[in-house]
There are 2 protein chains.
Amino acid sequence: MSQGHYSKDDLADRLRACGINPTRQRIEIAHALFSRGEHLSADQLLAIVNDRHSETSKATVYNTLNLFADHGLIRQLSVDGSRAWFDSNVGPHFHFHDLSSGALIDVPVPDVEFARLPVPPPGTEVAGIDLVIRLRKKL
Amino acid sequence: MSQGHYSKDDLADRLRACGINPTRQRIEIAHALFSRGEHLSADQLLAIVNDRHSETSKATVYNTLNLFADHGLIRQLSVDGSRAWFDSNVGPHFHFHDLSSGALIDVPVPDVEFARLPVPPPGTEVAGIDLVIRLRKKL
DNA sequence: TTCCTTGCAAAACTTTTGCATTAAA
DNA sequence: TTTAATGCAAAAGTTTTGCAAGGAA
């Protein structure tokens, strides 16, 4: 789904398609998010964006990340309590979490299959499933 | 497993069994955690403990929660980015997360069955599985 | 005494917000 | 000119830490 299009124009189109006004800062943040297939924190984004081009403020990074997440362009992960991670892959998938390194690794949907899931409480329905498989070093 | 023993003596025994010196504050925090079957935040614990008995400081609440978690007496949950939740149920189980109310509801193990799980990366093994089923209001 | 625990305040860290400035249409 | 976006600094919220004081053995 529109992988590999990381030019400014393509990214601007992608933002517009979500109803987001494509500004310079937003395009740069989007580039950092989508050109790397990684999970990034707000701090990392700030460092990446300000390393490559001109100045972007911390507030703008946070505002932009929330904006992107609100429009379904990225997903915010709560994997450890220390900080938020932002995932440029909004398609259904799961995660390995390496407890020794802190690394997050994607787990594609076909690698997981549920034979049984609980029935949601009355009046509610499932909005999404977050699965995190914690990993430790094998001895 | 040792449910329903919430007297000071029983709680003290339970702490000692984990290698934790049972002080007054620790016993009160343990009582708040175990006598209710709920998921509690540090702030809620602080309020509960200081409502019933004498003063316990915020730092002691945090230190105690970390101590309990380090000794496997409770589990810290990362379910939303806003704050940590502490679960007095350390046995294997999963969670519903009601997005509209913020409520956390236990899902017992038998309600979930995995037909397939991914193979951990080389040199690692599975330390635990966190499953959070997000719920929204059904229309 | 000696060791452990607690409390307080301050610090650290992440995230949000208020507001003046800037950029854009 | 009018609106939207940005940057800065301050504020807010959660959690950790340093250190002096307190309590138990």
Side-chain angles (χ1 to χ4, degrees), chain A residues 8-9 11-12 15-16 18-32 39-71 73-86 102 104, chain B residues 8 11-12 15-16 18-33 39-50 52-71 73-87 102 104:
Chain A
K8 278 189 207 286
D9 283 355
L11 288 168
L15 295 187
R16 271 187 222 98
C18 292
I20 296 173
N21 192 7
T23 65
R24 176 177 60 79
Q25 288 88 340
R26 290 173 181 174
I27 289 172
E28 298 209 8
I29 292 169
H31 183 267
H39 310 89
L40 297 169
S41 67
D43 241 31
Q44 289 176 321
L45 260 312
L46 183 66
I48 291 169
V49 167
N50 284 337
D51 181 56
R52 291 178 80 261
H53 293 86
S54 53
E55 291 295 313
T56 299
S57 74
K58 189 189 290 193
T60 296
V61 169
Y62 277 101
N63 287 337
T64 301
L65 289 170
N66 287 335
L67 184 73
F68 285 3
D70 288 347
H71 286 77
L73 202 61
I74 61 176
R75 187 149 66 109
Q76 177 172 345
L77 304 177
S78 297
V79 103
D80 62 76
S82 63
R83 82 205 69 214
W85 295 96
F86 295 89
L104 277 180
Chain B
K8 278 190 206 286
L11 287 168
L15 295 187
R16 272 187 220 98
C18 293
I20 296 173
N21 192 7
T23 66
R24 176 177 60 80
Q25 288 87 340
R26 289 172 182 172
I27 288 173
E28 298 210 10
I29 292 170
H31 182 268
L33 280 164
H39 309 90
L40 297 169
S41 67
D43 241 30
Q44 290 176 320
L45 260 313
L46 183 66
I48 292 169
V49 167
N50 284 337
R52 292 177 81 261
H53 292 85
S54 54
E55 289 296 313
T56 300
S57 72
K58 189 188 290 192
T60 296
V61 170
Y62 276 102
N63 287 338
T64 301
L65 288 171
N66 287 335
L67 184 73
F68 285 3
D70 288 347
H71 287 76
L73 202 60
I74 62 176
R75 189 149 65 109
Q76 177 171 344
L77 304 178
S78 297
V79 105
D80 62 76
S82 63
R83 84 204 67 213
W85 295 97
F86 295 90
D87 193 341
L104 277 179

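Note that the structure is predicted; figures quoted are calculated from it, not measured. Labels below follow one simple rule: chain letters A, B, ... track the order of the sequence lines, proteins then strands, and each chain is numbered from 1.
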S.K.: Start with the C-alpha distance between S82(A) and D80(A), add both sets of side-chain angles, then the distance that settles side chain to side chain donor-acceptor pair (under 3.5 Å), and finish with yes or no.
M.R.: CA-CA 6 Å; S82(A) 63; D80(A) 62 76; 2.2 Å; yes
S.K.: For nucleotides 1-5 of chain D, which of its nitrogen or oxygen atoms have a protein nitrogen or oxygen under 3.5 Å away, and what is each distance?
M.R.:
{"from": "dA5(D)", "atom 1": "OP1", "to": "R26(A)", "atom 2": "NH1", "distance (Å)": "3.2"}

S.K.: With a non-hydrogen cut-off below 4.0 angstrom, is S41(A) in contact with a base, only sugar-phosphate, or nothing?
M.R.: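 Nothing, no heavy atom under 4.0 Å.
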S.K.: Considering only heavy atoms of chain A and a distance under 4.0 Å, specify the first and last nucleotide of DNA chain C in 5' to 3' order that meet this criterion.
M.R.: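 Result: dT14(C) to dT17(C).
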S.K.: Quick one: CD1 on I74(B) to CG on L45(B), what's the gap to the nearest 0.5 Å?
M.R.: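 Rounded to the nearest 0.5 Å, the CD1-CG separation comes to 7.5 Å.
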S.K.: Between A59(B) and A42(A), which residue's closest nucleotide on DNA chain C lies nearer the 5′ terminus?
M.R.: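 Final value for this comparison: A59(B).
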S.K.: Heavy-atom distance under 4.5 Å between the side chains of V61(A) and Q25(A), does that happen here?
M.R.: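 No, every pair of side-chain atoms sits at 4.5 Å or beyond.
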S.K.: So, using salt bridge (Lys or Arg N to Asp or Glu O under 4.0 Å) as the criterion, who are the partners of R83(A) when residues are at least two apart?
M.R.: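 Not a single residue meets the salt bridge (Lys or Arg N to Asp or Glu O under 4.0 Å) criterion with R83(A).
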S.K.: Figure out the CD/C1' separation between Q44(B) and dG13(D), and round it to whole Å.
M.R.: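 Distance check: Q44(B) CD to dG13(D) C1' gives 15 Å.
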S.K.: Below the 4.0 Å mark, does dT16(D) have OP1 or OP2 next to a side-chain nitrogen or oxygen of N66(B)?
M.R.: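 It does, given that an N or O in the side chain of N66(B) lies less than 4.0 Å from OP1 or OP2 of dT16(D).
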S.K.: Give me the one residue out of N21(B), L67(B), L73(B) that meets side-chain contact (heavy atoms from CB on, under 4.5 Å) with L15(B).
M.R.: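 So the option named by the test is L73(B).
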S.K.: Take the protein atom OH of Y62(B) and the nucleotide atom P of dT14(D), then report the distance between them rounded to whole Å.
M.R.: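 One finds 7 Å between P of dT14(D) and OH of Y62(B), rounded.
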